[in-house]
Amino acid sequence: SLETDLKYIKESVERIENRLNDDVTRLSAKIDGVIDDIFEIREVSMRAQESAKSAHKRIDEYLRDHVQGK
């Protein structure tokens with residue numbers, strides 16, 4: 001009886017360990033995907049910021065040359 005109980009406990013622990021390992025693997029993959037998304041968003045944000053700066057500079061030049069000069 002004690003041997004059967006120990007065997008059951010061992011098998012239960014192994015099942016739990018396998019499930020945890022599977023969960024960790026899935027979560028790691030999801031985390032990697034989120035990190036990739038964050039880097040992509042960062043790159044897009046940086047490009048948008050540079051574009052906005054460039055547009056602001058062109059608008060300032062236009063206003064200086066065409067509006068304020070009159």
Side-chain angles (χ1 to χ4, degrees):
S1 174
L2 182 60
E3 187 176 326
T4 303
D5 289 345
L6 287 174
K7 182 179 177 185
Y8 174 76
I9 292 170
K10 181 182 177 207
E11 290 171 353
S12 295
V13 169
E14 287 173 351
R15 280 193 307 273
I16 292 169
E17 183 179 14
N18 288 336
R19 285 187 208 147
L20 284 173
N21 286 337
D22 291 345
D23 289 346
V24 167
T25 300
R26 280 194 301 277
L27 286 173
S28 292
K30 287 183 181 185
I31 289 169
D32 289 343
V34 169
I35 289 171
D36 291 344
D37 291 346
I38 289 170
F39 280 119
E40 184 177 338
I41 290 168
R42 180 179 177 266
E43 291 298 320
V44 169
S45 173
M46 289 172 57
R47 286 194 303 268
Q49 186 177 21
E50 290 302 315
S51 179
K53 285 180 185 178
S54 178
H56 191 288
K57 182 179 176 184
R58 289 192 308 272
I59 290 168
D60 285 346
E61 290 172 356
Y62 177 84
L63 290 175
R64 184 186 66 237
D65 295 342
H66 295 90
V67 175
Q68 293 175 350
K70 291 185 176 185

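The basis for the numbers below is simple: all heavy atoms, side chains too, and nothing from hydrogens, waters or symmetry mates.
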Test of understanding: with side chain to side chain contact (heavy atoms under 4.5 Å, CB included), list the residues that count as partners of Tyr8, not counting sequence neighbours. Ser12, Arg15
For Ile41, what residues pass the side chain to side chain contact (heavy atoms under 4.5 Å, CB included) criterion, not counting sequence neighbours?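 Checked Ile41 against side chain to side chain contact (heavy atoms under 4.5 Å, CB included); zero matches.
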Between Asp22 and Arg19, does any side-chain N to carboxylate O distance fall below 4.0 Å? no
Residue pairs passing the salt bridge (Lys or Arg N to Asp or Glu O under 4.0 Å) test with at least one member in residues 2-13, sequence neighbours excluded, are Lys10-Glu14
Side-chain heavy atoms nearer than 4.5 Å, only ILVMFWY residues, links allowed to pass through others: does that put Val67 and Ile59 together?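 Looking at the clustering, Ile59 is in the same group as Val67.
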Show every side chain to side chain donor-acceptor pair (under 3.5 Å) that has at least one partner inside residues 38-54, sequence neighbours left out. Ser54-Arg58
Could I get the full list of salt bridge (Lys or Arg N to Asp or Glu O under 4.0 Å) partners for Asp32, not counting sequence neighbours?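 In terms of salt bridge (Lys or Arg N to Asp or Glu O under 4.0 Å), with neighbours along the sequence ignored, Asp32 is linked to no residue.
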Is there a side chain to side chain contact (heavy atoms under 4.5 Å, CB included) between Asp60 and Lys57 once you walk through the steps? CA-CA 5 Å; Asp60 285 346; Lys57 182 179 176 184; 5.7 Å; no
For Ile16, what are the other residues in its hydrophobic cluster, where any two members join if their side-chain heavy atoms are less than 4.5 angstrom apart?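 Joined to Ile16, directly or through intermediates: Leu20.
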